[in-house]
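Reviewing the structure listed below.
The shown structure was predicted, so the numbers you read here are calculated from the model rather than taken from an experiment. The chains referred to below are lettered A, B, ... by the order of the sequence lines, with proteins before strands, and numbering in each begins at 1.
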Amino acid sequence: MSKFYITTTLPYVNADPHIGFALEIVQADVIARWHRRVGDEVFFNTGTDEHGLKIYRGAQGEGMDPKAYADLHAAKFEALKTALNLSYNNFIRTTDPHHVAAAQEFWRRCAEKGDIYKKNYRIKYCVGCELEKTESELEDGRCPLHPHLALEQVDEENYFFRYSRYQDALLELYKNNPQFVVPKNRMLEIVKFTERGLQDFSISRLKSKMPWGVPVPGDDAQVMYVWFDALVNYISALGWPDDLQKFNAFWPGVQVAGKDNLRQQSSMWQAMLLSAGLPPSTQILIHGFITSRGQKMSKSLGNVVSPFEYVEKFGADALRYYLLREIPTLDDGDFTHEQFLARYNADLANGLGNLVQRVSTMIAKYSINVGANGRSPVQSVLRKEIDNCIQRYQLDQALAVIWEKIAACDKRIDNEKPWALAKDTSQHEKLEALLSSLVADLREIGVALLPFLPCTAESILKVVGAEKIVPPAKPLFPRET
RNA sequence: CGCGGGGUAGAGCAGUAGCAGCUCGCCUGGCUCAUAACCAGGAGGUCGUGGGUGCGAAUCCCACCCCCGCAACCA
């Protein structure tokens, strides 16, 4: 039995859980469940990122203490566990005392290595927005929203991380591990980015301006910049640096992240690990974004989809199915209510649900004794194909394979006409063999679905595994209009 | 010349040289075990535009048009 570690990124708690994060964590959940099924001991981590300016300001805006504000919002993310039927075993919050101590220890290691130094940090600041502005945001050297105001130049002394020192080491890492980042085009993107040269980045902020962060060891005037502390969660979650037994058993692991996080996960964090003298991650999976009619979801467009809303109306497995099947695992995908309904009705209600219903009804109606064939161990043909898909992270493909099997069962029923066989007592044996074989197929489908739609899979296995098979009391997926 | 992705049926997509395909939707027929479900057949596309190479191009080459991300310290 081998150990397997998988983690999502930590969403920032200043907004409600986004459907895009639901996608990420459901993908990680399928991979984790699959690894458990093949016998691995799995550590599955997720959590929340709670430091930084936006949280600080958000809390101030509501007249709250930052920690209380974070508590309030973190609870919404923890609620995803039940809503989406997730199997993670660790939920880390970057405000956890253990994590704070780990981030400080990590800082010390990088500092000992000579990778942390103080430098003047010059930013442009728009008083109108009360925000820093990067060069790329400016138009003619002025803030596009407040062109009448001159930008202020802010100088503050911050700590910097010697990212530039790790350019060659990172390129070496990528070269030796062509699968380090998947999919391939993301790997290419990060290699090109690294080849262009890396610039040291700032890893602290003046406490007097922004106190909501992990204190920098040995400097009361500064707190860590939120990224530096947040990335360390991937190892502090495993008990680093105190519980080295657990850490060594599970690290390194697989990290799932969105394409907006490519650099932080596959480059900056890897450089930090190298600096601290720790092994780099095993692999970074980069999923895409969910658009709605091809447009980015945004509050101003009013096209934001709430994962909770769909779970409430259609159940966790219906949302899991859509996210896993309709959104290509490592690419962008689209979410619209119409497409959701189409998938739900075609695949779940008419396909899977209806097949379970028609087979179990016939067995009850024709008083069939499911024979040895129907009770035999699950065939491995389908499972092997699905295992291949999952190992290549083609979760959508894996589901497509299962649905081909469902279609084949429907076709077979139509071809062999069990209702006709039932009218002729001399054909009873043939009828029994047919339905037993279909029960075996359903069990195979049920087992294959376990990592993807855990509740539904168990319901199916319960129906077809019963001594006396009867149709489900309620349809698995009632048709919706 | 900043980096990358894309433009194929009403919608969403697959297809890297050999008869243009899949899913949904739509139409017709069949069936009756089932959630008006299931099965069969059909309509629907000048494969972004123009040129080039090839016996043959959605696919390779050149040019152009359009869409979308990213452009690092914004979590």
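Between A:Gln397 atom CD and B:G15 atom P there is a gap of 10 Å when expressed in whole angstrom units. A:Arg196 has its CZ atom 10 Å from the C1' atom of B:G4, to the nearest Å. Atom CG of A:Asp260 and atom P of B:G4 are 20 Å apart (whole Å). Put simply, CG on A:Leu341 is 17 Å from P on B:G12, counting in whole angstrom units. If you measure from atom CG of A:Asp331 to atom C1' of B:G69, you get 11 Å, rounded to the nearest angstrom. Remark: C1' of B:G4 and CG of A:Leu188 are 8 Å apart, rounded to the nearest angstrom. Residue A:Arg263 contributes atom CZ, which lies 15 Å from atom C1' of B:A75 at whole-angstrom precision. A straight line from CD of A:Glu326 to P of B:A14 spans 11 Å, rounded to a whole angstrom.
Between the C1' atoms of B:G6 and B:C19, the separation comes to 28 Å (whole Å). Rounded to the nearest Å, the gap between the P atom of B:A14 and that of B:C3 is 25 Å. Between the C1' atoms of B:C68 and B:C26, the separation comes to 30 Å (whole Å). Taking the P atom of each, B:G45 and B:A20 are spaced 15 Å apart, rounded to whole Å. For the C1' atoms, the distance from B:C31 to B:C38 is 8 Å, rounded to whole Å. Of the C1' atoms belonging to B:A72 and B:C64, the separation is 32 Å, rounded to the nearest Å. Spacing between B:U59 and B:U53 at atom C1', rounded to whole Å, works out to 14 Å. Taking atom P in both B:G12 and B:G4, one finds a spacing of 26 Å when rounded to whole Å.
Looking at residues 166-174 of chain A, you'll see that no heavy atom sits under 4.0 Å from any atom of RNA chain B.
Heavy atoms of A:Gly197 sit under 4.0 angstrom from at least one base atom. Counting any heavy atom pair closer than 4.0 Å across all strands shown, A:Gln264 reaches no nucleic acid atom. Residue contacts for A:Phe201: at a heavy-atom cut-off of 4.0 Å it reaches no nucleic acid atom on any strand shown. A:Tyr366 comes within 4.0 angstrom of sugar-phosphate atoms only, judged by non-hydrogen atoms across all strands, and of no base. Residue contacts for A:Pro418: at a heavy-atom cut-off of 4.0 Å it reaches no nucleic acid atom on any strand shown. Across all strands shown, A:Asn354 has heavy atoms under 4.0 Å from base atoms, whether or not it also approaches the sugar-phosphate. Within the nucleic acid shown, A:Ser202 comes within 4.0 Å of at least one base atom, counting heavy atoms only. Across all strands shown, A:Gly353 has heavy atoms under 4.0 Å from base atoms, whether or not it also approaches the sugar-phosphate. A:Leu476 comes within 4.0 angstrom of a nucleotide base, judged by non-hydrogen atoms across all strands. Across all strands, A:Arg186 comes closer than 4.0 Å to no nucleic acid atom at all (heavy-atom distances).
Atom CD of A:Glu78 has more than 12 heavy atoms from other residues, nucleotides or ligands within 6.0 Å. Heavy-atom neighbours of A:Gln179 CD from other residues, nucleotides or ligands within 6.0 Å: at or below the threshold of 12.
Annotation: side chain of A:Thr46 is in contact with side chain of A:Phe21 (closest heavy-atom distance under 4.5 Å). Using a 4.5 Å heavy-atom cutoff, the side chains of A:Trp419 and A:Ile413 are in contact.
In this structure, the side chain of A:Arg320 engages the main chain of A:Phe452 through a donor-acceptor pair within 3.5 Å.
Paired regions of RNA chain B, where each region holds three or more successive Watson-Crick or G-U pairs whose two hydrogen-bonding distances fall under 3.5 Å, are B:2-7 with B:65-70, B:10-13 with B:21-24, B:26-30 with B:38-42, B:48-52 with B:60-64.
Between A:Gln199 and A:Lys365, the residue anchored closer to the 5' end of RNA chain B is A:Lys365, taking for each the nucleotide with the nearest heavy atom. Both A:Asn415 and A:Tyr163 lie near RNA chain B, and the one whose nearest nucleotide falls closer to the 5' end is A:Asn415.
Looking only at atom types and distance, the side chain of A:His73 has no donor-acceptor partner in the side chain of A:Tyr12 under 3.5 Å away.
Salt bridge status for A:Arg186 with A:Glu189: present, with a side-chain N to carboxylate O gap under 4.0 Å. Under a 4.0 Å N-O distance rule, the pair A:Asp200/A:Lys119 does not qualify as a salt bridge.
Pairs engaging residues 471-481 of chain A under the salt bridge (charged side-chain N to carboxylate O under 4.0 Å, His left out) rule: none recorded [sequence neighbours left out]. Pairs passing the side chain to side chain donor-acceptor pair (under 3.5 Å) check and including a residue from residues 323-333 of chain A, sequence neighbours excluded, read A:Lys259-A:Asp332, A:Tyr321-A:Arg325, A:Glu326-A:Gln339, A:Glu326-A:Arg343, A:Thr329-A:Asp396. Residue pairs meeting the salt bridge (charged side-chain N to carboxylate O under 4.0 Å, His left out) criterion with at least one member in residues 417-429 of chain A, sequence neighbours excluded, do not occur.
Neither OP1 nor OP2 of B:C3 sits under 4.0 Å from any side-chain N or O of A:Lys192. Distances shown here put every side-chain N or O of A:Lys259 at or beyond 4.0 Å from the OP1 or OP2 atom of B:G4.
Separation of the A:Tyr322 and A:Phe314 ring centroids does not fall under the 6.0 Å cut-off. Taking the six-membered ring for Trp and the full ring otherwise, A:His99 and A:Phe106 have centroids separated by 6.0 Å or more. Ring centroid separation for the pair A:Trp107 and A:Tyr159 comes in under the 6.0 Å cut-off.
A ring-ring contact (aromatic ring centres under 6.0 Å, His included) with A:Tyr163 is found for exactly one of A:Trp227, A:Phe228, A:Trp269, A:Phe201, namely A:Phe201.
Syn is the glycosidic conformation of B:G54, whose angle stays within 90° of 0.
For A:Glu189, whose side chain is taken as the heavy atoms from C-beta onward, the closest listed nucleotide among B:A75, B:G4, B:C38 is B:G4.
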Extract from the structure each pairing of a protein N or O with an N or O of nucleotides 20-30 of chain B at less than 3.5 Å, listing the distance.
residue, atom, partner, partner atom, Å
B:G30, N2, A:Asp414, OD2, 3.4

